[in-house]
Amino acid sequence: MRPLFPWLTVAGALALAACQSTVPLQPDTTPSAEAQQAQPVAEAQPVDQPAAQNAPAIRFFLAQSRPADDLLQIQLDPQTSVYALPQPVFTQADMTQIVPLKSQQGQVVLRFDFNERGAQKLNAISRQAAGNYLVLTINDQVVAVPQVAASYEKPAVHVPMRSVDDAQAVVNLLRQGGN
């Protein structure tokens, strides 16, 4: 099976719920002035609910930098691992849409907008786990590992992407999966 993006394949990656590829640790995704002034780079993609057989599985797992007995190790690169809960903290059922954006400074992000239930979870996680990580997976492939912010202005998580093409590839995957 071909990885979602060429840069997702990292030697020595360990499984997280059958994850087959990973990316290097991403920087903090605290909503900044950049993200708030970002411009759309593609059409927003509504998130299909898991009931659809062919809908891609979008999940966020809560992770930390320290190992623990009940956590799964995710090897991001030969020197970096995070340790994640085995169950996701967010799924499609918690989201309303995904919006690809590009800031005035050129940073490309995917904004995952949450519904009321997801917003409540996001508030609790930001209070209890700020500084830890959210491991974003799509179809069991690690796409990004943003840091949990202490608070979020909107019920949304901004996930940095390496390029407009990478963001568009995620949106296209979601669009294809929903058809």
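Quick caveat, the model's predicted, so the values are computed rather than measured. Just so it is clear, the values below take in all heavy atoms, side chains as well, and ignore hydrogens, waters and symmetry mates.
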Contact between [X] and [Y] at the side-chain level, heavy atoms closer than 4.5 Å - yes or no?
{"X": "Lys154", "Y": "Tyr152", "result": "no"}
{"X": "Val89", "Y": "Leu134", "result": "yes"}
{"X": "Val99", "Y": "Leu110", "result": "no"}
{"X": "Leu71", "Y": "Gln64", "result": "yes"}
{"X": "Val159", "Y": "Phe112", "result": "yes"}

Go through Ile58 and Thr91 one step at a time and tell me if the side chain to side chain contact (heavy atoms under 4.5 Å, CB included) criterion holds.
CA-CA 6 Å; Ile58 305 166; Thr91 66; over 6 Å; no

What is the minimum heavy-atom distance between [X] and [Y], and which atoms define it?
{"X": "Leu122", "Y": "Ala156", "value": "CD2-N, 3.7 Å"}
{"X": "Val82", "Y": "Tyr133", "value": "CG1-CD1, 4.1 Å"}
{"X": "Ala167", "Y": "Val108", "value": "CB-CG1, 3.6 Å"}
{"X": "Met161", "Y": "Gln107", "value": "O-NE2, 3.5 Å"}
{"X": "Ala63", "Y": "Val135", "value": "CB-CG2, 3.8 Å"}
{"X": "Ala93", "Y": "Asn115", "value": "O-ND2, 2.7 Å"}

Taking atom CG of Leu62 and atom CD of Gln128, what is their separation to the nearest 0.5 Å?
9.5 Å

Tell me yes or no: between the side chains of Thr137 and Asp140, is some donor less than 3.5 Å from an acceptor?
no

Under a 3.5 Å threshold, yes or no: a donor from one side chain and an acceptor from the other, between Asp113 and Gln97?
yes

Fit a plane to each ring of Phe60 and Phe114, take the angle between them on a 0 to 90° scale, and name the class: parallel (under 30°), tilted (30 to 60°) or perpendicular (over 60°).
tilted

Partners of Ala119 by side chain to side chain contact (heavy atoms under 4.5 Å, CB included), sequence neighbours excluded?
Pro155

Does any N or O in the side chain of Thr80 come within less than 3.5 Å of the main-chain N or O of Leu76, such that one atom is a donor and the other an acceptor?
no

Pairs flagged by salt bridge (charged side-chain N to carboxylate O under 4.0 Å, His left out) wherever residues 63-75 is involved - sequence neighbours left out
none

Salt bridge (charged side-chain N to carboxylate O under 4.0 Å, His left out) contacts in which one or both residues fall within residues 120-131, not counting sequence neighbours
Asp94-Lys121

Tyr83: ring pair (Phe, Tyr, Trp, His ring centres under 6.0 Å) partners, not counting sequence neighbours
none

Carefully, step by step, assess Val142 and Leu136 under the rule side chain to side chain contact (heavy atoms under 4.5 Å, CB included).
CA-CA 6 Å; Val142 176; Leu136 167 61; over 6 Å; no

